[in-house]
Asker: 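Here it is, the structure in full.
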There are 2 protein chains.
Amino acid sequence: MDKTPSSRSARSTTEPRQGAQAIRRALAVLRILAAGRETGVPLAEVVQATGLTRPTVHRIVHVLIEEGIVERHGKSGRYAIGNQVPELALARPRPSPLLVAANPSLRRASADIGDTLFLTVRTGNDTLCVDRRIGAYPIQVLSIEVGARRPLGVSSAGVAILAAMPAQDARKIVAANEKRFEAYRTDAGTVLAQVTAARRRGYGMREIGLVQGTKSISTWIKTPDGRPAAAMTVSAVRTRLGPRREQEVVDVLQREARAIEQNIRSGLG
Amino acid sequence: MDKTPSSRSARSTTEPRQGAQAIRRALAVLRILAAGRETGVPLAEVVQATGLTRPTVHRIVHVLIEEGIVERHGKSGRYAIGNQVPELALARPRPSPLLVAANPSLRRASADIGDTLFLTVRTGNDTLCVDRRIGAYPIQVLSIEVGARRPLGVSSAGVAILAAMPAQDARKIVAANEKRFEAYRTDAGTVLAQVTAARRRGYGMREIGLVQGTKSISTWIKTPDGRPAAAMTVSAVRTRLGPRREQEVVDVLQREARAIEQNIRSGLG
DNA sequence: GGTTCTTGTCCATATTATGGACAAGACGCC
DNA sequence: GGCGTCTTGTCCATAATATGGACAAGAACC
């Protein structure tokens, strides 16, 4: 479609290091594959999402296969993250500081609310679900699993995180994700409107969740330097989140979000 | 030292895809950084281990920092695997098949032997410790932790894995790791001699462990296609592993190694 | 204030990655 | 079977990219 190199050269204030186009492209490919989880992603979709040409993606993906970073699923021919990635990840100490800092709050909030609770971090231009707690209420929204990765803006958590950052930065991210929105049946304009609404409201919300009949509410969690690092989300069947209960849920979420921020600051995380 | 490009071009039968030198180099750098765990690795050491030039490594490392794949430790200036790597790893289902297949055997063997037990996999030219069980005996060798990564050949597990593959392949790996051996005070010749001895003996052994006064014994575990995928290792203070006990330990390890192979074949893993 | 480490940067150059065009399968439809 | 329409895979001339020698700038030590 549009393979404008201008979008690449339209760099902002901080000058990015050059002489590594290929490496950056390979990482872009990897991040798209990560969004495909175990199922994987067909080549064409990687091409579409990255805006690279097919020969280039093909070459990158196959080199990564040779290196064990990417795997190809036998029957479907889809590409997915390979087993060397978790192996590399073992180099880092296991429990992430955020997870430690958030753990007590997630437990409390889950007990108070009773619906499914998600902790979602920002990673680059994506959201990544890193924790999920199932509540006591018999109907639970379990569609999103730990490891789920989506472009910032398509989920209530993503909207919340965008709403918590300077409008300028949010716009930049939305623009960067534009090519990927189409797969989620949305577009940059819609996302930006939702972000503005969330900013005004003080929390993120989606009346129509990515799953039919569900509703989600998200609060943002900022690092000490004021930038949003994560979101805490409640998802439930829509009927369970009327106006009154919405406010209750928001109160709990915001209380716990502040508690997590406090934990991070005090180095508990 | 010798920056011979011939060692790069001396390819074997399977023709490697080209047009991605930079990506391969970036991955080589990443694997060296992974061996440095949390502590990280100074730039010079990456240069030495990869055989790349300093400007090249510098450029690669800094691009990876911009991308969040690598981190730089404040005070020391050392480079280490960044937090985006575990994030990418979340795309894969959590417990590795091998770990599942090996779990009961590790428990049994640990109970029978009482000394520290390690499960180590091969990943490329490295060994990677993926599980560790602490035994009942009061003195335990805990030097190696889950996530520890070393060039194939320097540990008893690495020697065992090399011994279990065709001599030709083992030689190729040893040659590829040559630059890195020096940091472990060994060399290709010594390693190859140990591999030959292990092959004859039927298991890997190190009288002088990487830690002073310890001794290690390793058996290999093969995948159904006959290639070694992992090793099971017992480490203990040397005095505890005299000839008689060595044979006992070997018997247990080999029994459980076969059990694990059986589990893998029957799809339990 | 020199000496010897380390890491960081520049830039002309040739090597490398690029992508347009074409090929080869796979699947469904008539 | 033949034909259209998917998908993925490959080639190779070319431009753009990554390369590394040489030089610079700190940091630590004496």
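Letters A, B, ... mirror the listed sequences (proteins, then strands); counts begin at 1.
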Asker: May I have the distance from L52(A) (atom CG) to dG19(C) (atom C1'), rounded to whole angstrom?
Answerer: 11 Å

Asker: May I have the distance from H62(A) (atom NE2) to dT8(D) (atom P), rounded to whole angstrom?
Answerer: 9 Å

Asker: Could you tell me whether the phosphate oxygens of dG19(C), OP1 or OP2, come under 4.0 Å of any side-chain nitrogen or oxygen in T56(A)?
Answerer: yes

Asker: Using a heavy-atom cut-off of 4.0 Å across all strands, would you classify R78(A) as base, sugar-phosphate, or nothing?
Answerer: nothing

Asker: In whole angstrom, what separates I60(A)'s CD1 from dT8(D)'s C1'?
Answerer: 16 Å

Asker: If you compare every side-chain N and O of Q21(A) against the phosphate oxygens of dT18(C) (OP1, OP2), does one of them come in below 4.0 Å?
Answerer: yes

Asker: Quick one: L43(B) CG to dA25(D) P, roughly how many Å, whole number?
Answerer: 19 Å

Asker: Would you indicate which nucleotide in dT7(C), dG9(D), dA18(D) comes nearest to any side-chain atom of R54(B)?
Answerer: dT7(C)

Asker: Check whether any side-chain nitrogen or oxygen of Y79(B) sits under 4.0 Å from OP1 or OP2 of dG8(C), and answer yes or no.
Answerer: yes

Asker: For dG9(D), take OP1 and OP2 only and decide whether either is under 4.0 Å from a side-chain N or O of H58(A).
Answerer: yes

Asker: Quick one: on DNA chain D, does A22(A) or G77(A) contact a more 5' nucleotide (nearest heavy atom)?
Answerer: G77(A)

Asker: Start with the C-alpha distance between T233(A) and S216(A), add both sets of side-chain angles, then the distance that settles side-chain contact (heavy atoms from CB on, under 4.5 Å), and finish with yes or no.
Answerer: CA-CA 7 Å; T233(A) 304; S216(A) 303; 4.0 Å; yes

Asker: Hey, are E66(A) and R24(B) close enough for a salt bridge, meaning a charged N less than 4.0 Å from a carboxylate O?
Answerer: yes

Asker: Does the distance from a Lys or Arg side-chain N to an Asp or Glu carboxylate O, for R31(B) and E67(A), drop under 4.0 Å?
Answerer: yes

Asker: Whole angstrom is fine here: how far is it from CD in E45(B) over to C1' in dC5(C)?
Answerer: 15 Å

Asker: Is there a side-chain contact between R122(B) and R227(B) in this structure, where contact means two heavy atoms from C-beta onward sitting under 4.5 Å apart?
Answerer: no

Asker: Is R59(B) side chain donor-acceptor paired with the dT19(D) base, going by distance under 3.5 Å alone?
Answerer: no

Asker: Pick the closest DNA chain D nucleotide for A20(A) and for R72(A) by heavy atoms, then say which residue is nearer the 5' end.
Answerer: R72(A)

Asker: Shortest non-hydrogen contact from Y79(B) to L33(B)?
Answerer: O-CD2, 3.6 Å

Asker: Output the rounded distance in Å from CD1 (I23(B)) to P (dT19(D)).
Answerer: 11 Å

Asker: Could you check which of dA18(D), dG8(C), dT18(C) has an atom nearest any side-chain atom of R25(A)?
Answerer: dT18(C)

